[in-house]
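Here is the naming used below: chain letters follow the sequence lines, and residue numbers restart at 1 for every chain.
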Amino acid sequence: MLANTFQKITEIDYIKRFFKDGMTIMYGGFGGIGTPPGLVDAIIESKIKELTLIGNDTGFPDIGIGKIVTSKQVKRLIVSHIGSNPNAGKFMTNGELEIEFSPQGTLAERIRAGGMGLGGILTDVGADVEVVRRNKQTCEVDGKTFLIETALTADVSIVHAEKADPYGNLIFSKSARNTNPLVAMAGKITIAEAEEIVPLGELDPEGIITPGVFVDYIIPSKGVNWKWVWEQK
Amino acid sequence: MLANTFQKITEIDYIKRFFKDGMTIMYGGFGGIGTPPGLVDAIIESKIKELTLIGNDTGFPDIGIGKIVTSKQVKRLIVSHIGSNPNAGKFMTNGELEIEFSPQGTLAERIRAGGMGLGGILTDVGADVEVVRRNKQTCEVDGKTFLIETALTADVSIVHAEKADPYGNLIFSKSARNTNPLVAMAGKITIAEAEEIVPLGELDPEGIITPGVFVDYIIPSKGVNWKWVWEQK
Amino acid sequence: MGLGAEIRNKIAKRAAEEIEHGMLVNLGIGIPSLVPNHLPSGKTVMFHAENGITGMGPSPVKGQEDSNLCNAGGYPVTLQEGASYCDSATAFGMIRSGKIDITILGALQVSGSGDLANWIVPGKRVPGMGGAMDLAAKAKKVIVVMNHCDKNGSSKIVEVCTLPLTAKSCVQMVITEMAVFEVTPEGLLLSDIFSHYSVDEIRVRTEVQFGISESLRTLTY
Amino acid sequence: MGLGAEIRNKIAKRAAEEIEHGMLVNLGIGIPSLVPNHLPSGKTVMFHAENGITGMGPSPVKGQEDSNLCNAGGYPVTLQEGASYCDSATAFGMIRSGKIDITILGALQVSGSGDLANWIVPGKRVPGMGGAMDLAAKAKKVIVVMNHCDKNGSSKIVEVCTLPLTAKSCVQMVITEMAVFEVTPEGLLLSDIFSHYSVDEIRVRTEVQFGISESLRTLTY
């Protein structure tokens, strides 16, 4: 029996109390890989609506965060692309969904900045592109113009880990790491869905990617329950 | 015989060609721990002068980067404190040394920003403290005032790794990691002094802290050649 | 609209010639993904993926896929020796700080001064820019591989991009099924010509005036 | 100027009472470093170091020191179960994003509104702020432990700090060898008194007016 020393290990049913209409949810994952399947389903089952979602992309219609887009619970998205989820494009076109696009690297840094307690970052990516520049503040450093890209945080962050320990220390699996360590830092409440929960002290201190202090709750995962695009005929 | 697939593994003597009067050198380390001893000595032996050094602190008079301060090769420092190196304080007081102090977390982010190709970061740490605010640009985000803290880069970055592979992938030892991964990213040329150089493929891809793309040269280390404060009677 | 496999591979083969030993390379989807097949053995090249892989290897054999080891497009890959994982912020830090030696991308339009439009067809396809702007603006060398003309037969090499830009003055080389152009301060320079085409044919099909390299090469593969 | 070991330990013991199970705590040098000795067993507390340790344990036994495992002051430490290493940027990210539940620091002066001066004596000692500003401004709770008076006998609890500030309105609690004060919106509130002192003595030695808690406690240890 695993010691729940920090009272962070819990069940999906307990987590549902944090899901509320109109809230902002940030999610780990890149094309659905690294998005927590059990937490996605819990959000769908909770039927909360008018959500703002923040993450790299909208996955696929039946994969990853895409399932929540498909279920029409989302009012607003802050993402870098929606190319793999036609539903997101359709809802945007018919006015059901508002989308703010951020260049992928800028988005990653905005999320990290939120997690690291910064107000934002300066970048020149997109500084001369209208759809990125919009009405953002700019500043000059050494004669060069930079966009002021503001930090992003969320009411709840959801991430998918390979292993967690009772303090919430996380490691990820291969490229499923992607945005997860960033998203894990940027939630007012961060919930990690873990494929395995191991005793305190079992994870190598050198190899921990997300220090447990950033994680508030840990739930055991039942694994991915969708078929990947490359598995479909 | 280790395959030098990327021609990055070399010797101190080769590295000395990059050392020039008036250059900016960024160094890893925190209180001397994690500062590369062989590269510090090489800089002293090269007798280059009028250096700008950027790093967390100035070590101790005979430990870490402090040895280069003691040898009066430095014109300017960007650091968060000099408390453990009385020579730095003395040279500052008598006007030989110009020092820009940055709050420690701000300095770490400025170095990271340099390495990550950002123009800078927004933080409110020190925004109401004159010595930090100085004449820096500020901006308002959501009604809050942030300092615009600009990115730092260097002509040469020097770091101390536990292990390197021929691509320059690095891992560090325990708390000697400290600023090394940040500094490794921020050098136009980055030189890693490694306690051990292992064949390509031997480091766990999940555990690599500094991807080799940030490292230009790797030199074998002969280890720390100073006595730590706690070892001295 | 699409090019046949043989032609696509010719374009990829020409692009592969630009890659030198030890480089870090980011490949877009489509023709760029064919490039690794054309690298000579002996060259060690590290492939970069925006989701956080440095040192991506080829697709795994069927049945050996790992759903947690995928490229930025979401398809299974393998690892090269010396590979490492990082988070997406660091992967884009590599891009912004100029560590990507070459990125090879598709395009909708390229201008004579190297402006790139490859992310949006307004009113039609609004997928978001993903990592295209970061890569186009920040890679040391941007190589565009594309059809010479669009499906209506209009040149995709244009005086001024009419589609929204991905980044200004970022493209250094354009490789099509007809020819290879370098983007120089004086404008486009025809450097290579695929053997089935003539310079005159290329002039007819190219909206932009171009110079001809003194060492113009005919590609016979 | 300094306090004896017994008194320093009393102050540390009182500070330790503020620490709850599961908290992340950052300790300054001096008296704060004595705090862990006074935590009851059963409380699991994670100690944070600015150089990149979450879960720092006590000093190793002599001869077992590892020069690569040191606290932010450069002295050997050990690891707790559940510890992890990170770079300094992440260590300070934890601080800025409010993950430090309590920081316990020394001070040169504290004002009645919780302003803190602890990093510089102009013209005398200019060591640089290190991580003091980050911690003072961003920890959820800042506890100052210090001598009640300076070596000249002047109160270190002052109306207005005359030394340069580390951060404004950041201190929530001040523990000295005489008493414990909470910093409230209405000003200082005396919450505890060490048993050798009287409220009157404390008034005489404290530059700032203070209220007295309804549940004023006498500390007999």
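- For residues 35-46 of chain C, the set of pairs meeting the side chain to side chain donor-acceptor pair (under 3.5 Å) definition, not counting sequence neighbours, comprises C/Asn9-C/His38.
- Note that CE of C/Met129 and OG of A/Ser102 are 7.0 Å apart. Values are rounded to the nearest 0.5 Å.
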Please report, to 0.1 Å, the donor-acceptor pairs under 3.5 Å made by any side chain of residues 205-216 of chain A, with sequence neighbours excluded.
| from | atom 1 | to | atom 2 | distance (Å) |
| --- | --- | --- | --- | --- |
| A/Glu206 | OE2 | B/Lys174 | N | 2.7 |
| A/Asp216 | OD2 | A/Thr190 | N | 2.8 |

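- Using a 4.5 Å cut-off on side-chain heavy atoms (C-beta onward), C/Lys138 and A/Asp124 make contact.
- The number of heavy-atom neighbours closer than 6.0 Å to NZ of C/Lys168, taken from other residues, nucleotides and ligands shown, is 12 or below.
- Heavy atoms from other residues, nucleotides or ligands lying under 6.0 Å from CG of A/Asp142 number 12 at most.
- If you measure heavy-atom distances from A/Ile33 to chain C, the contacts under 4.5 Å come from the side chain alone.
- For A/Val224, no part lies near chain C; criterion is any non-hydrogen pair under 4.5 Å.
- Both the backbone and the side chain of C/Leu69 come within contact range of chain A, with heavy atoms under 4.5 Å apart.
- Annotation: A/Asn135, atom CG; neighbour count of heavy atoms from other residues, nucleotides and ligands within 6.0 Å does not exceed 12.
- Contact annotation for A/Pro181: only side-chain heavy atoms (C-beta onward) come within less than 4.5 Å of a heavy atom of chain C.
- Using a 4.5 Å heavy-atom cut-off against chain A, the contacting residues of residues 77-92 of chain C are C/Tyr85, C/Cys86, C/Asp87, C/Ser88, C/Ala89, C/Phe92.
- Atom OG of A/Ser80 and atom CE of C/Met133 lie 10.5 Å apart (nearest 0.5 Å).
- Atom CD1 of A/Ile189 is surrounded by more than 12 heavy atoms from other residues, nucleotides or ligands within 6.0 Å.
- Remark: the backbone N or O of C/Asn68 is not paired with any side-chain donor or acceptor of A/Ser173 at under 3.5 angstrom.
- Interface remark: of the candidates C/Ala72, C/Ala49, C/Gly131, C/Pro76, C/Pro76 forms the most heavy-atom pairs closer than 4.5 Å to chain A.
- Closest heavy-atom contact between C/Trp119 and A/Val131: CZ2-CG1, 3.3 Å.
- Only the side chain of A/Val132 comes within contact range of chain C, with at least one heavy atom under 4.5 Å from a heavy atom of that chain.
- Taking the side chain as every heavy atom from C-beta outward, C/Glu50 and A/Phe30 approach each other to under 4.5 Å.
- Between chain C and the residues A/Pro103, A/Gly83, A/Ala176, A/Ala108, the most heavy-atom pairs under 4.5 angstrom are made by A/Pro103.
- Other residues, nucleotides and ligands contribute at most 12 non-hydrogen atoms within 6.0 Å of the NZ atom of A/Lys163.
- With respect to chain C, the highest number of heavy-atom pairs below 4.5 Å among A/Asp128, A/Ile111, A/Thr179 belongs to A/Asp128.
- Minimum interatomic distance between A/Ser175 and C/Cys70 (heavy atoms only, all atoms of both residues): OG-N, 3.0 Å.
- Chosen from C/Ile53, C/Ile95, C/Leu135, C/Val126, the residue pairing most often with chain A at heavy-atom distances under 4.5 Å is C/Val126.
- Closest approach of A/Val129 to C/Thr166, counting heavy atoms only: CG2-O, 3.6 Å.
- Under the 4.5 Å side-chain criterion, counting only non-hydrogen atoms from C-beta, C/Arg96 is in contact with A/Glu109.
- By the 6.0 Å contact criterion, NZ on A/Lys136 is enclosed, its count of non-hydrogen atoms from other residues, nucleotides or ligands being greater than 12.
- Both the backbone and the side chain of A/Trp230 have a heavy atom closer than 4.5 Å to some heavy atom of chain C.
- Checked against side-chain hydrogen bond (donor to acceptor under 3.5 Å, both in side chains), C/Asn51 has no partners two or more places apart in sequence or in another chain.
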